[in-house]
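In what follows, a single structure is set out as structure tokens and then discussed.
Please read these numbers as outputs of a predicted model, since none were measured by experiment.
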Number of protein chains: 2
Amino acid sequence: MTARILIVEDELAIREMLTFVLEQHGFVVTAAEDFDSALDMICEPYPDLVLLDWMFPGGSGIQLAKRLRQDEFTRQIPIIMLTARGEEEDKVRGLEVGADDYITKPFSPKELVARIKAVIRRSSPTSLEEPIDVQGLMLDPISHRVTVGDQVLEMGPTEFRLLHFFMTHPERVYSREQLLDNVWGTNVYVEDRTVDVHIRRLRKAIEPSNHDRLIQTVRGAGYRFSTRT
Amino acid sequence: MTARILIVEDELAIREMLTFVLEQHGFVVTAAEDFDSALDMICEPYPDLVLLDWMFPGGSGIQLAKRLRQDEFTRQIPIIMLTARGEEEDKVRGLEVGADDYITKPFSPKELVARIKAVIRRSSPTSLEEPIDVQGLMLDPISHRVTVGDQVLEMGPTEFRLLHFFMTHPERVYSREQLLDNVWGTNVYVEDRTVDVHIRRLRKAIEPSNHDRLIQTVRGAGYRFSTRT
DNA sequence: CAGTTTTATTACAAAATTATGATCATAAAC
DNA sequence: GTTTATGATCATAATTTTGTAATAAAACTG
């Protein structure tokens with residue numbers, strides 16, 4: 001599935017717990033602890049879902065939710081609210097503002113993951129599961145396979161995620177740091193240069209069909225997936 | 001992003017630390033150590049953000065902030081105040097004067113950068129990321145590319161930044177020194193004449209489509225990017 | 001017009017950045 | 001408990017970029 005999830009939660013313990021659980025289940029996780037850094041992380045490339053603590057400092061969750069719903073680009077990002085037991089009113093308000101679902105603390109990891117998957121499935125029947133075709137290079141998230149015609153291209157899991165990210169975010173430079181955040185997940189400490197190596201492997205994997213030209217080096221800036229020269 | 005930031009801070013150590021951190025993150029940094037030189041650097045071309053120490057000699061930060069808010073041209077430049085812990089009153093006054101945010105020392109580089117990005121995004125949601133088109137010459141900061149029609153123009157990182165600066169500050173002469181400050185960043189020791197060479201390279205890069213005529217030599221003064229003859 | 005100043009151009013070596021292959025550690029599979 | 005994959009780093013090669021200096025060309029000055 002490899003959806004990218006943004007967690008907005010001020011309590012460190014809960015944030016880490018959520019991060020751990022979701023990463024266990026194969027999500028790429030980004031975490032923010034306050035309003036500002038959340039806004040910061042909400043910019044392109046957008047997460048596939050936002051997990052939002054209801055009450056957190058620097059602006060309540062409701063404000064952030066409203067903000068997301070105002071901007072046309074973020075409007076469609078599904079939101080799941082985390083609420084404490086008994087805040088029944090909040091639930092109502094949350095759903096009014098446009099949250100797609102809510103979960104009451106405490107909750108089980110199982111429930112959390114189930115709801116997340118449900119919401120994602122519901123909201124983006126396409127973008128995450130639909131096969132992507134760029135100039136004959138086909139990536140099918142469901143069968144988890146990359147093909148050109150009926151030729152299957154072999155690559156490692158990281159290369160697959162990297163390619164997937166690129167194909168869903170074309171025509172845009174990403175720094176090594178950004179790629180690490182979006183493909184590896186944040187809170188991973190990995191050398192910048194490691195990206196180079198995986199770029200190399202990905203290029204080699206899609207080289208036979210000449211699609212390696214789609215992965216372009218932008219000197220001093222990072223890499224870009226583009227169909228233009 | 002390539003935003004230009006002016007730091008106003010009297011303590012050398014902090015000034016250097018801030019400069020270092022921000023340059024690491026790709027900002028172009030200018031630094032002033034007192035009121036006068038700050039005013040000096042505040043003239044056109046305006047920075048995209050001012051990072052202002054609250055208490056600094058030759059006029060407190062509040063005065064500078066007020067001054068910036070008075071002038072119609074500088075009014076919209078976002079300001080972030082640096083305050084020492086415990087100066088709670090000051091924070092309030094700072095925000096009254098029109099600071100967009102404040103950071104309490106000591107702070108982490110991560111927080112600093114996050115706040116700066118948040119403030120910049122809030123204040124100029126576009127100008128830094130929007131593609132610029134001047135007579136068919138297109139510069140797209142997002143894909144980090146310069147095109148004419150569907151022809152891609154190749155150039156080095158410095159030429160790209162130089163062109164970006166020109167396109168966002170047209171119809172105005174800039175001395176070599178000013179160009180160095182705004183495109184290379186201050187605290188770089190580079191020969192004046194080096195600008196000539198990069199102008200040459202930039203002209204050569206955009207020559208195929210005849211856009212090199214936009215970069216005009218102003219003898220005795222510097223260079224200008226202009227659509228007029 | 002000759003002399004002076006300023007800019008244009010070219011060439012080149014140093015510096016910075018990226019590419020690539022090999023290695024080692026670790027996790028997954030058998 | 002091996003064997004096999006996979007992933008991160010390191011080391012080194014290959015490229016690109018950059019600053020400077022040297023020279024040519026152009027633009028002023030008187």
For this session: Take the protein atom CZ of A/Arg200 and the nucleotide atom P of D/dA14, then report the distance between them rounded to whole Å.
Result: 13 Å

Seminar exercise, completed: Taken in chain and number order and not counting sequence neighbours, the residues that satisfy side chain to side chain donor-acceptor pair (under 3.5 Å) with A/His211 are A/Ser209

For this session: Sugar-phosphate atoms are those with a prime plus P, OP1 and OP2; base atoms are the rest. Using that split, label each nucleotide of nucleotides 22-30 of chain D B, S or - for protein heavy atoms under 4.0 Å, 5' to 3'.
Result: ----BBS--

Exercise. Are a donor atom and an acceptor atom from the side chains of B/Asp40 and B/Ser37 found within less than 3.5 Å of each other?
Worked result: no

Exercise. Going by distance alone, is a donor N or O of one side chain under 3.5 Å from an acceptor N or O of the other, for A/Arg203 and A/Thr217?
Worked result: yes

For this session: Provide, to the nearest angstrom, the distance between the CZ atom belonging to A/Arg203 and the P atom belonging to D/dA14.
Result: 17 Å

Exercise. Can you find a pair of side-chain heavy atoms, one from A/Leu18 and one from A/Ile5, that are under 4.5 Å apart?
Worked result: no

For this session: For the pair A/Glu171 and B/Arg145, find out whether any cationic side-chain nitrogen is under 4.0 Å from an anionic carboxylate oxygen.
Result: yes

For this session: Could you tell me the separation between the CD1 atom of B/Ile199 and the P atom of D/dG19, rounded to a whole number of Å?
Result: 13 Å

For this session: Please work out if A/Phe160 contacts a base, only the sugar-phosphate, or nothing of the nucleic acid, heavy-atom cut-off 4.0 Å.
Result: nothing

For this session: Check whether any side-chain heavy atom of B/Thr30 lies under 4.5 Å from a side-chain heavy atom of B/Leu6, and answer yes or no.
Result: yes

Exercise. Sequence neighbours excluded, which residues qualify as side chain to side chain contact (heavy atoms under 4.5 Å, CB included) partners of A/Leu179?
Worked result: A/Leu162, A/Phe165, A/Phe166, A/Tyr174, A/Val195, A/Tyr223

Problem set entry | Between A/Gln178 and A/Arg172, a side-chain donor and acceptor under 3.5 Å | no

Seminar exercise, completed: d(A/Asn182 CG, A/His164 NE2) to nearest 0.5 Å is 12.5 Å

For this session: Output yes when at least one side-chain N/O atom of A/Tyr223 is less than 4.0 Å from OP1 or OP2 of C/dT17, else no.
Result: no

Exercise. Taking atom P of C/dA11 as reference, at what distance in whole Å does atom CG of B/Asp196 sit?
Worked result: 17 Å

Exercise. Can you name the side chain to side chain contact (heavy atoms under 4.5 Å, CB included) partners of B/Asp140, sequence neighbours left out?
Worked result: B/Pro131, B/Ile142, B/Ser143

Polar atoms only, N or O, under 3.5 Å: list the protein pairs with nucleotides 27-30 of chain C and their distances.
none

Exercise. Can you tell me how far P of C/dA19 sits from CD1 of A/Ile215, to the nearest Å?
Worked result: 11 Å

Exercise. Reading nucleotides 3-13 of chain D from the 5' end, what letters show protein touch, with B for base, S for backbone sugar-phosphate only, - for no heavy atom under 4.0 Å?
Worked result: ---SBBBB---

Problem set entry | Enclosure of B/Gln135 CD (heavy-atom neighbours >12, cutoff 6.0 Å) | yes

Seminar exercise, completed: Of B/Arg176 and B/Lys204, the one whose nearest nucleotide on DNA chain C sits closer to the 5' end is B/Arg176

